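Notes for the one structure printed next.
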Protein chains: 2
Amino acid sequence: MSPRIDEQNQQIRDARKQQLLEAGAKVFGERGYAGTKVSDIVREAQLSHGLIYHYFASKEDIYIELARTAFTTSYETIRQVVENGGSPYERLKELTEGIFAHTAGSGYFFLIALQTNTSKTVPEEAAAISKEYSGQNLQLLEQLFREGQKQGEFIHADPFKQALMYSSMLNGVIFTRLTYSELEDFPQVDQILRIFTHAREEE
Amino acid sequence: MSPRIDEQNQQIRDARKQQLLEAGAKVFGERGYAGTKVSDIVREAQLSHGLIYHYFASKEDIYIELARTAFTTSYETIRQVVENGGSPYERLKELTEGIFAHTAGSGYFFLIALQTNTSKTVPEEAAAISKEYSGQNLQLLEQLFREGQKQGEFIHADPFKQALMYSSMLNGVIFTRLTYSELEDFPQVDQILRIFTHAREEE
DNA sequence: GTCTATAAAAGGATAGAC
DNA sequence: GTCTATCCTTTTATAGAC
């Protein structure tokens, strides 16, 4: 086989796989792992039913790959912002706005991460990945709150609980916004962050 | 058939149905509608597989009944507190504490309500019930925020968005707490409500 | 590489005995 | 009223032709 053809085939393979992953992200995000049928994915991807098994070993495998992408990206995003310059409050604000901006369009990866974290019906390997990264994310946030408290920007409270409160709130709000996507100026980031800062009248 | 026997049978029937509903609440709450098998429910209820169909027409039917219970109870709870005496802030605080207390134990009905609201895979009838009640709940909250703003307790912002923010946050936090149930003093209700009130240094 | 047809497995629902 | 065994539909996965 000529390398010319080889390369072309590889491109096709990559394109198809990508197509299936994107379709999978959408339907898994919308319907959950158990609620998604293989036929849902291939319909969304506009490919034949059998073809999916040339690219993935099983329905589980697609989900695991998507979950891995979701967690590695979110971890990298958080790490970058948290390890950035700026005061703790500035970094927290930048992180929050970044996450909202990032999930404004589709939010499918957010939904996959969330359900992988919380559902008891996702593939075991995905749950393992989730557990690992969620802990790391919380640690990054905890550290940020600890710094902010030391510098006097944030109110004093168990930094771990503050990190937990922050991510809970974020989950709830993003989730809501996905169903009320027509709303403008929702949520107000400054308003949310008031939970963690000292009293100051709204400017 | 003697009325004596009739009555006894009725009691058995009621007990079994209750048993199945409780088991259903647990597994549907934990695993979602699509992720739950009829066999999961009967195993949890410790009854035989076939028996469930003497009490419910289908898996869908059990879920619908549970969803209805979840929504009617939550609506009644909110309505009672909101229409109570006390200042808007006091009522909001009472409501929040009540919901946390109520979901501290199991939270299965909370989870069922949440997924009925958001999942695309629940039975159609359940989704319809959800839509109806969610709107009503939001209206009650919106009214509470409107009053609180008029009386000067709450910051000024679109009352509908504030209601949405409140319920989003509550969802996120309750959800988190269900996985971190060993945490004491989480969440701090006063801290959450700071989002909606005017600045005042934490007491 | 892609498709259609088919096998294999899982899960919801029913039948009939006790 | 309750159980076990069975049916039947849905869904995952594979085979084989193009």
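The basis for the numbers below is simple: all heavy atoms, side chains too, and nothing from hydrogens, waters or symmetry mates. Not measured: the values here are computed from a predicted model. Within every chain, numbering begins at 1; the chains are lettered A, B, ... in the order of the sequence lines, protein sequences first and strands thereafter.
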Please report, rounded to the nearest Å, how far the [atom2] atom of [N] is from the [atom1] atom of [X].
X	N	atom1	atom2	result
B:D61	C:dG12	CG	C1'	13 Å
B:I62	C:dA13	CD1	C1'	12 Å
B:L20	D:dC3	CG	P	10 Å
A:Q11	C:dT2	CD	P	13 Å
A:I12	C:dC3	CD1	C1'	15 Å
B:R31	C:dG11	CZ	C1'	13 Å
B:I52	C:dA13	CD1	C1'	11 Å
B:K37	C:dA13	NZ	P	15 Å

Note to self: Using a strict threshold of under 4.0 Å (side-chain N to carboxylate O), is an ion pair present between A:E76 and A:R79?
What the structure shows: yes

Note to self: Between B:K26 and B:E22, does any NZ, NE, NH1 or NH2 come within less than 4.0 Å of an OD or OE carboxylate oxygen?
What the structure shows: no

Check: Closest to the A:Y53 side chain: C:dG12, D:dT14, D:dT2?
Finding: D:dT14

Checklist line | Close approaches to DNA chain D from residues 38-49 of chain A, in residue order (heavy atom, under 4.0 Å) | finding: A:V38, A:H49

Next item on the list: On the 0 to 90° scale, with breaks at 30° and 60°, tag the B:Y33-B:F28 ring pair as parallel, tilted or perpendicular.
Entry: parallel

Check: Using the ring of each side chain (for Trp, its six-membered ring), is A:Y133 parallel, tilted or perpendicular to A:F71, with breaks at 30° and 60°?
Finding: parallel

Notebook entry, point to check: Given the rule in the side chain to side chain donor-acceptor pair (under 3.5 Å) test, do B:Q19 and B:Q46 qualify, once you have shown the distances and angles that lead to the verdict?
Noted result: CA-CA 9 Å; B:Q19 208 173 339; B:Q46 305 203 50; over 6 Å; no

Next item on the list: Classify the nucleic acid contact of A:L51 as base, sugar-phosphate or nothing, counting any heavy atom under 4.0 Å across all strands shown.
Entry: base

Notebook entry, point to check: Which is true for B:Y55 with a 4.0 Å heavy-atom rule: it touches a base, it touches only sugar-phosphate, or it touches nothing?
Noted result: sugar-phosphate

Checklist line | Residues forming a salt bridge (charged side-chain N to carboxylate O under 4.0 Å, His left out) with A:K93, sequence neighbours excluded | finding: A:D190

Note to self: Counting only side-chain nitrogens and oxygens, does B:R16 get under 4.0 Å of the OP1 or OP2 atom of D:dT2?
What the structure shows: yes

Next item on the list: Using heavy atoms to find the nearest nucleotide of DNA chain C for B:K59 and B:H54 separately, return the residue whose nucleotide is more 5′.
Entry: B:K59

Next item on the list: Please collect all salt bridge (Lys or Arg N to Asp or Glu O under 4.0 Å) contacts where either partner lies in residues 134-146 of chain A, sequence neighbours excluded, each pair once.
Entry: A:E142-A:R146

